[in-house]
Every structure is written in C-alpha cells, then in structure tokens.
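Note that the structure is predicted; figures quoted are calculated from it, not measured. All values below come from the heavy atoms of this structure, side chains included, with hydrogens, waters and symmetry mates left out.
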Amino acid sequence: MITDFHPGYLINAIVFAVLGVGLFLAGFSLLVRAAPCELWKELVEKQNLAVAVFMGAATLALGIVIAATVH
C-alpha cells in the first residue's frame, strides 16, 4: 500500500515527460534540417545504412542529454 503518494508527484512526472519529448522533437528536427542532404530520402528510398547508423546514434545521444538535463 502506498502511503506517501502525492498528486503533485504525478503532475511533475507528466510535465517533465512532456518537456523532454518536446525538447527531443525540437532537437531532432534541428538535426534533420542542419544535415547537408535529405536524411529521410536517403534512409527510406536509398536505404543508406550509414545514415541509419547516424540517425540512431544522434537519437540516443540527444535522448541521453535531455534525460540528464530534465532529471
């Protein structure tokens, strides 16, 4: 039985989750726009493995930085 639950904890979790996702989407969109080529075209149409590895690594790195910042 949880006796130390406060509604403020849930609200804080929701606010920080929304903030983290918003920052992630903003950072990822900046990354896609800053690339010298069309990343989605390279990834989907040409199936470029190097672009897939780059996007995966950038996604992980951005997520780690945002998680550390929001935490």
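- In this structure, CG in L60 is found 6.0 Å from CD1 in I64, a value given to the nearest 0.5 Å.
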Validation: residues 49-57 side-chain donor-acceptor distances under 3.5 Å, sequence neighbours left out:
none

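- For N12, there are no side-chain hydrogen bond (donor to acceptor under 3.5 Å, both in side chains) partners two or more places apart in sequence or in a different chain.
- The salt bridge (charged side-chain N to carboxylate O under 4.0 Å, His left out) contacts involving residues 46-61 comprise E42-K46, where partners must be two or more places apart or lie in separate chains.
- For residues 6-18, no pair satisfies salt bridge (charged side-chain N to carboxylate O under 4.0 Å, His left out), with sequence neighbours left out.
- Remark: L43 CG to C37 SG distance equals 10.5 Å, nearest 0.5 Å.
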Listing, residues 14-34 side-chain donor-acceptor contacts under 3.5 Å, not counting sequence neighbours, or none:
| from | atom 1 | to | atom 2 | distance (Å) |
| --- | --- | --- | --- | --- |
| S29 | OG | L25 | O | 3.3 |
| S29 | OG | A26 | O | 2.9 |

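- Partners of K41 according to the salt bridge (charged side-chain N to carboxylate O under 4.0 Å, His left out) rule, which considers only residues two or more places apart in sequence or in another chain, do not exist here.
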